[in-house]
Amino acid sequence: MDNQTGKLPAGVLVESFEYDKKNEELVKKSFWRKTRKAAGKIPFTREAIAMYYCAMDAKTPLWAKGIAFGALAYFISPIDAIPDALIGLGFTDDAAVMAAGIRAIAGQVKEEHKQKAEKFFEDS
C-alpha cells in the first residue's frame with residue numbers, strides 16, 4: 001500500500017490475500033523452526049524474517065498481515081508446488097511467493113522490522 005495514497009500496488013488483488021487466522025497460527029507455530037533450517041540455504045531469509053516481524057506488529061494493517069501470513073505460511077508449509085527437498089529447485093516456488101509478498105507489503109516493512117531480522121543473524 002502506498003502510504004501517501006492508501007492504495008495497494010498495481011496488480012495486487014486484495015480479495016486474493018484475505019487475512020486467514022489459520023495462516024497466522026501456522027506461522028506462529030512453525031516459522032522459527034523452518035527459518036533456522038533454511039537460513040543460509042535460501043537468499044530471502046532476511047526478507048522473510050522482516051516480513052514475520054511486520055506481520056506480528058500491531059501497527060501493521062490487516063490487509064498487509066494477510067499477505068505476509070499467507071506468503072510465510074506457504075514458505076513453511078510442507079505441501080509445496082516444488083518440494084523443498086529437490087536440490088536447486090526446492091525453494092524456487094517459495095522464493096516467487098515471498099518476492100510477491102515482499103513487493104506487495106514493502107511500504108509496511110519498517111526499519112525496525114529489518115533491524116530485528118539483522119539481529120537474528122547476529123545472535124545466531
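Computed from a prediction, not measured in an experiment: that's the story for all the values here.
Note that CG of L62 is 10.5 Å distant from CD1 of I67, once rounded to the nearest 0.5 Å. Here NE2 of H113 is found 14.5 Å from CD of E47. Values are rounded to the nearest 0.5 Å. Distance check: K116 NZ to Y52 OH gives 10.0 Å after rounding to the nearest 0.5 Å.
A heavy-atom distance below 4.5 Å is found between the side chains of I76 and V27. Q108 is listed as a side-chain neighbour of W63, based on a closest heavy-atom distance under 4.5 Å. Put simply, the side chain of M98 reaches to within 4.5 Å of the side chain of M51, judged on heavy atoms. Here the side chains of Y74 and N23 are not in contact, with every heavy-atom distance at 4.5 Å or above. Counting heavy atoms from C-beta outward, F69 and L26 have side chains that stay 4.5 Å or more apart.
Taking the side chain to side chain donor-acceptor pair (under 3.5 Å) definition, one finds that E118 meets it with R46, sequence neighbours left out. Every residue two or more places apart in sequence or in another chain was checked for a side chain to side chain donor-acceptor pair (under 3.5 Å) with K114, and none qualifies.
Although no hydrogens or angles enter the test, the distance criterion places a donor-acceptor pair under 3.5 Å between the side chain of T60 and the main chain of C54.
Contact detail for K59 and D57: the closest heavy-atom pair is N-OD1, 2.8 Å. Minimum heavy-atom separation, A55 to A68: CB-CB, 3.7 Å.
Results of the side chain to side chain contact (heavy atoms under 4.5 Å, CB included) test with F75 over T45, T35, V97 single out T35 as the only residue that passes.
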